[in-house]
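Worksheet: one structure, shown below.
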Amino acid sequence: MPPSEPRPFRRVLVANRGEIAVRVIRTLRDLGMTSIAVYSEADRAALHVLLADEAYPVGPAAASQSYLDVERLLEAARRSRAEAVHPGYGFLSENADFAAACESAGLVFIGPPAASIRLMGNKLAARELARKVGAPLVPGSPGPVDSPEQARAEAEHIGFPILLKAAAGGGGKGMRVVRDAAGLTAAFELVRGEAKTAFGDEQVYLERYLEHPRHIEAQVLADASGHVLFLGERECSVQRRHQKVLEETPSPALPPNVRAQIGDAACAVAQAAGYRNAGTVEFIVDEKDRFYFLEMNTRLQVEHPVTEMVTGLDLVAEQIRIAQGEPLGFDPAEATPRGASVEVRVYAEDPRRGFLPATGTVARLRWPLGPGVRVDSGIYRGYTVPVHYDPILAKIVSWGRDRAQALARLGRALDETVLHGVTTNVGFHRWLVRHPVIAAGRYDTRFLEEQFRPEMLEGDAEAERVALIAASLHEWQKSRSVSLPRRREGGAWKWAGVEGGR
């Protein structure tokens, strides 16, 4: 496919919030472009609003009436004279209708074409495309199953345990493991209901459930000419409820020949989908290093910083160049990953209570600094975490010349982190990065299920309570203390409200 004519733009609306909006805004500033934020009523004082060059309200706190309202976003783009839209991740980033609506409104959508999003957004269609290009597939139903009876027949053919999955699912939603026929009917109805509620599509299909797989994803970049580049894999096997917790690159357990095969398969899938821009092709790898295609995420990933740390690239800047029809800003031959990088996601949640989301006001905040450490954050001291959105607050990322150094730096960074006023998973991450199984790189997707118990963090909880009390006492003492001396009278210092000697 021939490249499109370059279409430069200078004003970009960021159709998102939180740390990803902040991250995109910073790249826009690096490129000399005007950043335009949108915000709900709950986000008037959010960091992305404060950092952007311009900001426009898009409705009430509820995401369905603000960040997910296509017409409100397009109206904000019109009012702000935006020329392009960056969707970040989550919200409408993988919504083909939104991408098409942007194009119809004369806006450049900084992401893949709507047709590619639509094709890869349906897991059944994506599986069929992967099959056509020769990518290995987990054994599963050839299409959607319409009833518990049909699901049972397919499961008997595939073999238990099986995984029921929403055809239009994503983000770990619409998935249930079924270990025998007895639980199949209830699970089928549950997943179909979740699928209809979350994705507006109740189609469900089956895959064989692999007991101890690793979750590996391949970062690809497809330029305006249709060339697809593999930028290395990310290991994302530390998960809770199918949600990623820790990500790293390179994978500590992937043989070089399997890495090359995964890269080839990812590029073939993207090429066949007519893909442009940044994307991620996801695979699972079994205990014998056999890999299978899972799905394609047609957007920037939460964990993209680890790829940036080892390649030295700015993937958002490359997204923008591709969207403008320009060549990539680097020589592909020089994009070989170097060293290792690890990322943890800082959430407002309580690991001691099943990772329940939390809220509150940030009372004290200190992010780590030093060699090989990066923090992507969407909060500041005094910021109140709203209850309406995903509870991610920040990402702490480390780089090292090898994996051991990257893990050591991440441990040091977590020790330096101070975040009081909101319950977070920072203490959990301190436990995680020092666990011997993580240090050895021998983990899989069952790691947390088998290794973590809430009581393991009780000591950390007490330390956090003590630190918060100490911080409160410090603030109270500051409010009660006198000011510095201002002038000297009669051989004595006069303080505010106090007279006497030094």
Side-chain angles (χ1 to χ4, degrees), residues 1-18 20-21 23-25 27-29 31-41 43 46 48-49 52-60 62-122 168 170 199-200 222-224 273-279 297-300 316-326:
M1 179 178 176
S4 57
E5 287 296 317
R7 185 180 177 183
F9 41 79
R10 305 295 297 174
R11 298 176 61 82
V12 179
L13 183 139
V14 183
N16 217 297
R17 64 174 300 281
I20 185 56
R23 187 262 174 277
V24 173
I25 287 167
T27 287
L28 292 173
R29 186 151 295 157
L31 297 176
M33 295 181 174
T34 298
S35 58
I36 302 162
V38 293
Y39 62 92
S40 70
E41 290 176 2
D43 273 342
H48 76 282
V49 176
D53 296 310
E54 300 174 19
Y56 292 80
V58 288
S64 61
Q65 301 174 55
S66 52
Y67 298 109
L68 291 172
D69 190 316
V70 173
E71 292 306 318
R72 288 179 186 266
L73 293 172
L74 293 180
E75 173 61 17
R78 185 193 65 78
R79 288 173 56 202
S80 65
R81 295 174 290 111
E83 300 155 290
V85 174
H86 195 299
Y89 52 70
F91 290 141
L92 295 171
S93 61
E94 293 183 281
N95 187 301
D97 293 338
F98 179 55
C102 288
E103 293 293 339
S104 296
L107 298 162
V108 177
F109 182 77
I110 303 176
S116 296
I117 298 175
R118 190 168 284 112
L119 172 64
M120 303 311 290
N122 184 288
F199 312 112
D223 68 14
Y275 202 82
R276 302 292 179 273
N277 219 266
N297 295 134
T298 55
R299 55 171 167 80
L300 194 70
V316 173
E318 296 306 325
Q319 284 190 291
I320 292 169
R321 289 189 181 94
I322 293 168
Q324 291 186 136
E326 297 177 355

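Position 1 is the first residue of the sequence, and the numbers go up from there.
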Just jot down the side chain to side chain donor-acceptor pair (under 3.5 Å) partners of E318, sequence neighbours excluded, or say none. R321
Which heavy atom in A37 sits nearest to a heavy atom in A52, and how many Å separate them? CB-CB, 3.6 Å
Given E75 and R79, is the side-chain contact (heavy atoms from CB on, under 4.5 Å) satisfied, shown in steps? CA-CA 6 Å; E75 173 61 17; R79 288 173 56 202; 3.4 Å; yes
Nearest 0.5 Å please: distance from the CD atom of E71 over to the CG atom of L73. 9.5 Å
With no hydrogens and no angle check, is any side-chain donor or acceptor of S93 less than 3.5 Å from a backbone partner on G90? yes
Only counting residues at least two apart or in another chain, list the ones meeting side chain to side chain donor-acceptor pair (under 3.5 Å) with N95. none
With the side chain counted from C-beta on, respond yes when R118 and D97 share a heavy-atom pair under 4.5 Å apart, and no when they do not. yes
Side-chain heavy atoms of R29 within contact of D53, under 4.5 Å: yes
Hey, does V316 have a side-chain heavy atom less than 4.5 Å from the side chain of Q319? yes
What distance separates F199 CZ from N122 CG, expressed to the nearest 0.5 Å? 11.5 Å
Is a side-chain donor or acceptor of R72 paired with a backbone partner of Q65 at a separation under 3.5 angstrom? yes
Could you tell me whether the side chain of N16 and the main chain of A21 form a donor-acceptor pair under 3.5 Å? no
Determine, step by step, whether V24 and V12 satisfy the side-chain contact (heavy atoms from CB on, under 4.5 Å) criterion, reporting the C-alpha distance in whole Å, the side-chain angles of both residues, the deciding distance to 0.1 Å, and the verdict. CA-CA 10 Å; V24 173; V12 179; 5.7 Å; no
Please list all pairs passing the salt bridge (charged side-chain N to carboxylate O under 4.0 Å, His left out) test where one or both residues lie in residues 98-107, with sequence neighbours left out. none
Output for pair (R10 CZ, M33 CE), nearest 0.5 Å, gives 6.0 Å
Over all atoms of both residues, closest heavy-atom pair of V49 and D43: CG2-O, 3.4 Å
Has the side chain of S66 got a donor or acceptor atom that lies under 3.5 Å from a matching backbone atom of V58? no
Applying side-chain contact (heavy atoms from CB on, under 4.5 Å) to N277 and R299, what does each step give before you reach the verdict? CA-CA 8 Å; N277 219 266; R299 55 171 167 80; over 6 Å; no
Trace of the side-chain contact (heavy atoms from CB on, under 4.5 Å) decision for I320 with L31: CA-CA 10 Å; I320 292 169; L31 297 176; 3.7 Å; yes
List the residues meeting ring pair (Phe, Tyr, Trp, His ring centres under 6.0 Å) with Y67, not counting sequence neighbours, and say none if there are none. F91, Y389
Can any side-chain N or O of R11 pair as donor or acceptor with the backbone N or O of I36 at less than 3.5 Å? no
Do you know the tightest heavy-atom contact between S35 and L28? CB-CD1, 3.8 Å
Which atom pair, heavy atoms only, marks the closest approach of A317 to T27? N-CG2, 3.7 Å
Atom pairs and distances, donor-acceptor, side-chain atoms in residues 105-117, under 3.5 Å, two or more places apart:
{"residue": "S116", "atom": "OG", "partner": "A273", "partner atom": "O", "Å": "2.8"}
{"residue": "S116", "atom": "OG", "partner": "G274", "partner atom": "O", "Å": "3.2"}

Donor-acceptor pair, E94 side chain versus N297 backbone, under 3.5 Å? no
Taken in chain and number order and not counting sequence neighbours, the residues that satisfy side chain to side chain donor-acceptor pair (under 3.5 Å) with Y56 are E54
What's the shortest heavy-atom distance between L13 and A76, and which atoms? CD1-C, 3.9 Å
Which heavy atom of V38 sits nearest a heavy atom of V14, and at what distance? CG2-O, 3.5 Å
